[in-house]
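For reference, the structure is listed below as structure tokens.
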Amino acid sequence: LDLNFATSAAGELRIEIQDADGQPIPGFALNETPPIIGNEISRSVVFGKGARLGSLQGRTVRLRFVLKDAHLFALRFR
């Protein structure tokens with residue numbers, strides 16, 4: 001998952017992947033994913049405990065973004 005985003009010096013962006021019922025998926029929970037800070041056109045998201053997006057292939061998921069003084073412009077799955 002690549003993000004195009006910008007945060008202020010005090011801002012951050014966090015992402016959580018949830019199942020179809022809105023429950024966090026282990027390894028992809030908000031508190032397991034490090035905050036993302038900066039201003040980048042394409043940064044790959046690092047999830048907790050070595051979780052890999054490929055393990056979710058074929059499943060219905062929800063993405064939850066939490067932004068603090070930040071802008072999310074685009075996202076892309078590769």
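Considering all non-hydrogen atoms of both residues, Gly27 and Ala51 come closest at O-CB, 3.4 Å. Ser8 approaches Asp69 most closely through the heavy-atom pair OG-OD2, 2.6 Å. Pro35 and Glu12 make their closest contact through CB-OE1, 3.4 Å (heavy atoms, listed as atom of the first residue, atom of the second, distance).
For Thr60 (side chain) and Ala20 (main-chain N/O), no donor-acceptor pair under 3.5 Å exists by modelled atom type. Side chain of Asp21 to backbone of Gln23: no donor-acceptor contact under 3.5 angstrom is found.
Looking at heavy atoms from C-beta onward, Arg76 lies out of side-chain contact with Leu1 at the 4.5 angstrom threshold. With a 4.5 Å cut-off on side-chain heavy atoms, Pro34 and Arg14 do not count as touching. Within the 4.5 Å cutoff, no side-chain heavy atoms of Arg59 are placed close to those of Gln57.
Each of Val46 and Phe77 belongs to its own hydrophobic cluster when Ile, Leu, Val, Met, Phe, Trp and Tyr are linked at side-chain heavy-atom distances under 4.5 angstrom. Under the 4.5 Å side-chain heavy-atom criterion for ILVMFWY residues, a single connected hydrophobic cluster contains both Leu75 and Leu53. One hydrophobic cluster, built from ILVMFWY side chains closer than 4.5 Å, cannot hold both Ile37 and Ile15; they sit in different ones. Hydrophobic clustering, with ILVMFWY side chains joined whenever heavy atoms are under 4.5 angstrom apart, groups Val45 together with Val61.
For the atom pair NE2 (His71) and CG (Asn4), the distance works out to 12.0 Å, reported to the nearest 0.5 Å. Between atom OG1 of residue Thr7 and atom CG of residue Leu72 there is a gap of 11.5 Å, rounded to the nearest 0.5 Å. Remark: Leu13 CG to Leu67 CG distance equals 4.5 Å, nearest 0.5 Å. Here Asn39 contributes atom CG and Phe73 contributes atom CZ; the two are 7.0 Å apart, rounded to the nearest 0.5 Å.
Counting non-hydrogen atoms of other residues, nucleotides and ligands closer than 6.0 Å to CD1 of Ile41 gives a total of 12 or fewer.
A search for ring pair (Phe, Tyr, Trp, His ring centres under 6.0 Å) contacts involving Phe5 returns nothing, not counting sequence neighbours. Looking at residues two or more places apart in sequence or on another chain, you find a side-chain contact (heavy atoms from CB on, under 4.5 Å) between Gln18 and Glu16, Arg62, Arg64. A search for side-chain contact (heavy atoms from CB on, under 4.5 Å) contacts involving Ser55 returns Phe28, not counting sequence neighbours.
Classification of Arg78 and Asp2 as a salt-bridged pair holds, one side-chain N sitting under 4.0 Å from a carboxylate O.
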